[in-house]
There are 2 protein chains.
Amino acid sequence: MSLVTITQAAQVSGVSAKMIRYYESIGLIAAPARGENRYRHYDETALHELAFIRRARDLGFGFEDIRQLLGLWRDRQRSSAEVKAIALRHVAALEQKAAALTAMSQTLKHLAERCHGDERPDCPILEALDQPGPPAHAW
Amino acid sequence: MSLVTITQAAQVSGVSAKMIRYYESIGLIAAPARGENRYRHYDETALHELAFIRRARDLGFGFEDIRQLLGLWRDRQRSSAEVKAIALRHVAALEQKAAALTAMSQTLKHLAERCHGDERPDCPILEALDQPGPPAHAW
DNA sequence: GCTTGACCTTCCCATGATGGGAACCCCACA
DNA sequence: TGTGGGGTTCCCATCATGGGAAGGTCAAGC
């Protein structure tokens, strides 16, 4: 069981040292053992958890979800139903955000297409911002 | 020229009073005239600008973009090319963010489909978080 | 005139996730 | 023994927004 410093833990887990300390401060991970010099050192399990968190973050999970996923991950007796529920809830949230962004970009794209983009001041984009025009999906 | 208080300005513009003060503090809008009681009062032009900002925010523009758009909007001699450039840059940013979210939700959706979601502990979702699996687009 | 309630003011704090940097301590190596 | 590269804590910044406290002000009803 090799013990590593925070910078080494950061390198192997892909989580910055800054974030590792932060995760500890909000109780997402347990406080690791300290040396006599008060340096943190991390064991295999801790490194594993950090990598887990890293991948969950890459999938856009927030800390509350990650907290629950970590709990389920540690529990060998867990039911996969809970994991699936968290994942599907998150999928719905991601899809909603993506749809909102897409709607914005579509609206703006259509406006930009109708904008000459030359020396003339006329511009449907500014006109749309100017007047309380119809909702976005009307374009 | 009717002058209104901040709460009335909030109601007609759709921007909260809190945000109106904030926009003023960061110099996004000019400081309005004050009454003897130091109450802010807003004229037609100010209300118009607030509504403009509101709609720009609805399209996802950040404050720096809005600052520039407001400048172009006030300038009757502006060229539409600058407006279009800002808009298209923003469209690209929105599309990129939307694509990132969609990629996450796709990955997670596929994993969830392969998860029984019953009493059994086996779960591809946790397995994916557990091991440094292939990148998301491999699913 | 006085109370009451609704409004205004400024100031501080919080979010979520992350980075930057200061000030200070510690260790290994030449 | 100096130097460089760790480690530690603490504060501040982001982006846009909301909550709330403490205190001043106004208008309406009695």
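All chains are named by letter (A, B, ...) in the order of the sequence lines, taking the proteins before the strands, and each is independently numbered beginning at 1.
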Electrostatic pair B/Asp122-B/Arg120, nearest N-O below 4.0 angstrom: no
Under-4.0 Å side-chain N/O to phosphate OP1/OP2 contact, A/Arg40 with D/dT9: yes
Within-4.5 Å side-chain heavy-atom neighbours: A/Ile86 and A/Leu72: yes
Nucleotide-resolved protein contact map, nucleotides 12-24 of chain C, B/S/- at heavy-atom distance under 4.0 Å: -----SBSBB---
Nearest-Å distance for atom pair CD/P, residues B/Gln8 and C/dA6: 16 Å
Euclidean distance, atom CZ of residue A/Arg38 to atom C1' of D/dG6 [Å, nearest integer]: 16 Å
Salt-bridge present (B/Arg67, B/Glu64; N to O < 4.0 Å): yes
Any A/Arg21 side-chain N or O less than 4.0 Å from OP1/OP2 of D/dT8: yes
Phosphate contact (D/dT8 OP1 or OP2) by A/Asn37 side-chain N/O below 4.0 Å: no
Along DNA chain D (nearest heavy atom to each residue), the more 5'-positioned of A/Tyr39 and A/Arg34: A/Tyr39
d(NE2, A/His41; C1', C/dC26) in whole Å: 14 Å
Side chain to side chain contact (heavy atoms under 4.5 Å, CB included) between B/Glu49 and B/Arg74, intermediate numbers included: CA-CA 9 Å; B/Glu49 290 203 3; B/Arg74 284 188 275 248; 2.7 Å; yes
Side chain proximity check, B/Phe61 to B/Ile53, heavy atoms < 4.5 angstrom: no
Sidechain-backbone polar pair: A/Ser80 side chain, B/Asp118 backbone, donor-acceptor under 3.5 Å: yes
Rounded distance in Å - CD1 (B/Ile20) to P (D/dT17): 12 Å
